[in-house]
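Just the heavy atoms: all of them, side chains too, but no hydrogens, waters or symmetry mates, feed the values below. Worth saying up front: this structure is predicted, and the values here are computed from it rather than measured. Below, chain A is the first sequence line, B the second, and so on; all start at residue 1.
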Number of protein chains: 2
Amino acid sequence: MTDRPGLSKGEMEVARVLWSLGRASVRQVHEAFPPDREIDFATVQTYLRRLETKGYVTGEIQGRTRVYTPCVQPQSVIRESIHDFVDRLFGGETLPLVRQLIEEGDVSTDELAELRRLITRLEKQRKPEGQ
Amino acid sequence: MTDRPGLSKGEMEVARVLWSLGRASVRQVHEAFPPDREIDFATVQTYLRRLETKGYVTGEIQGRTRVYTPCVQPQSVIRESIHDFVDRLFGGETLPLVRQLIEEGDVSTDELAELRRLITRLEKQRKPEGQ
DNA sequence: ACCTTACACGTACAGTTGTACTTGGTCAAG
DNA sequence: CTTGACCAAGTACAACTGTACGTGTAAGGT
């Protein structure tokens, strides 16, 4: 598929922040980290540099500071990561994961209802004869 | 929680095979790999050794060969991995992952139906007054 | 008794990851 | 001009990973 090298744990962490900011300097990314997540400015800097060499973001000097912009949709990365994860843990089968997720009590009752609606919608969409 | 170091990609791969076998020698694990997955005997051996030092399996010499047995439930490992994954990609929120999984078309129509039943069951279970 | 096969165990080694220090330069305040 | 804050970019480095080779040894076939 896409030939980018995958993201490591830490890189993903930084990438997520950058996605949420859309476009930011190292400092902005650093400051956007949750306060309980202690991480050095230089570490963030390193991650951004690595993200750039891996082709996930682009950086351009803006005055005196380098400003980074994501150049890969989070959607793609997330999709790829999920795929990889499902492969590794469930041999590629999606259902067991979904089952585990909703059985393990991590999904609230409200969310269950929402899921049901989603399923209904999907079913309708797949079998358009219903009329 | 549990203080085992996490499993790497490759370790997970081997662990999954061992779980499926229940108890096996290096060779048996090696042979249980899908044929298209080329991996050296010695590599499997290394992984099993690492799994042992990480505390996921125990090995004992049985005659001339070392036989490994899982000593951690796959359930636990899977649960922990999922937790970690959800944290990393979705900041701890389960629903977005579930949504992505079933929207992305990775779930067949039959499976959708099964999911619906599962949801119904869970809902019933959570609100026992119904009736 | 000798060769072959199979394995345990130690060792290797480059690539990745997490984490950060260091050096050298720029801007702004005194 | 001098000092301090701030930053880019290079370098560091141990731990972890993926992958496997080498050595020694025991067991079975001939």
For C:dT16, take OP1 and OP2 only and decide whether either is under 4.0 Å from a side-chain N or O of B:K9. no
Using whole Å, report how far CZ of A:R27 lies from P of C:dT26. 19 Å
Distance in angstrom units between A:L7 CG and C:dG18 P, rounded: 10 Å
Flag side-chain contact, heavy atom, 4.5 Å: A:D106 against B:I82: no
How long is the line joining CG of B:L48 and P of D:dT17, in whole Å? 15 Å
Minimum-distance nucleotide to B:V26 side chain [options: C:dC21, C:dA8, D:dA8]: C:dA8
Output the single nucleotide from D:dC21, D:dG18, C:dA8 whose closest atom is nearest the side chain of B:S8. D:dG18
If you compare every side-chain N and O of B:K54 against the phosphate oxygens of D:dT17 (OP1, OP2), does one of them come in below 4.0 Å? yes
Is a donor-acceptor pair below 3.5 Å formed from side chain A:Q45 to base D:dC7, judging by atom type as modelled? no
D:dG18, OP1 or OP2 - any side-chain N/O from B:R37 closer than 4.0 Å? no
Verdict with reasoning, B:R116 to A:T120, per side-chain contact (heavy atoms from CB on, under 4.5 Å): CA-CA 9 Å; B:R116 174 197 296 288; A:T120 305; 3.4 Å; yes
In whole angstrom, what separates B:D40's CG from D:dG18's C1'? 12 Å
Among D:dG18, C:dT11, C:dA20, the one nearest any side-chain atom of B:Y47 is D:dG18
Round to the nearest Å and state the distance from A:R49 atom CZ to D:dA12 atom C1'. 12 Å
Which nucleotide, D:dC7, C:dC21, C:dT17, lies nearest any side-chain atom of A:T65? D:dC7
Salt-bridge test for B:R23 and B:E60: reply yes if a basic N is under 4.0 Å from a carboxylate O, no otherwise. yes
So, A:E93 and A:R99, do they make that salt bridge, N to O below 4.0 Å? no
Tell me which nucleotide among D:dA26, D:dA8, C:dA8 gets nearest to the side chain of B:R64. D:dA26
Report which part of the nucleic acid A:T46 touches: base, sugar-phosphate, or nothing (heavy-atom distance under 4.0 Å, all strands). base
Here the distance between atom C1' of D:dC6 and atom CD1 of A:I61, to the nearest Å, is 13 Å
Quickly work out the B:E60 CD to C:dA8 P distance and round it to whole Å. 13 Å
To the nearest angstrom, the CD-P distance between B:E11 and D:dG18 comes to 6 Å
I'd like to know if A:R50 reaches the base of C:dT19 with its side chain, counting only an N/O donor and acceptor under 3.5 Å. yes
Flag the pair B:K54 and B:E11 as a salt bridge only when some basic side-chain nitrogen lies within less than 4.0 angstrom of an acidic carboxylate oxygen. yes
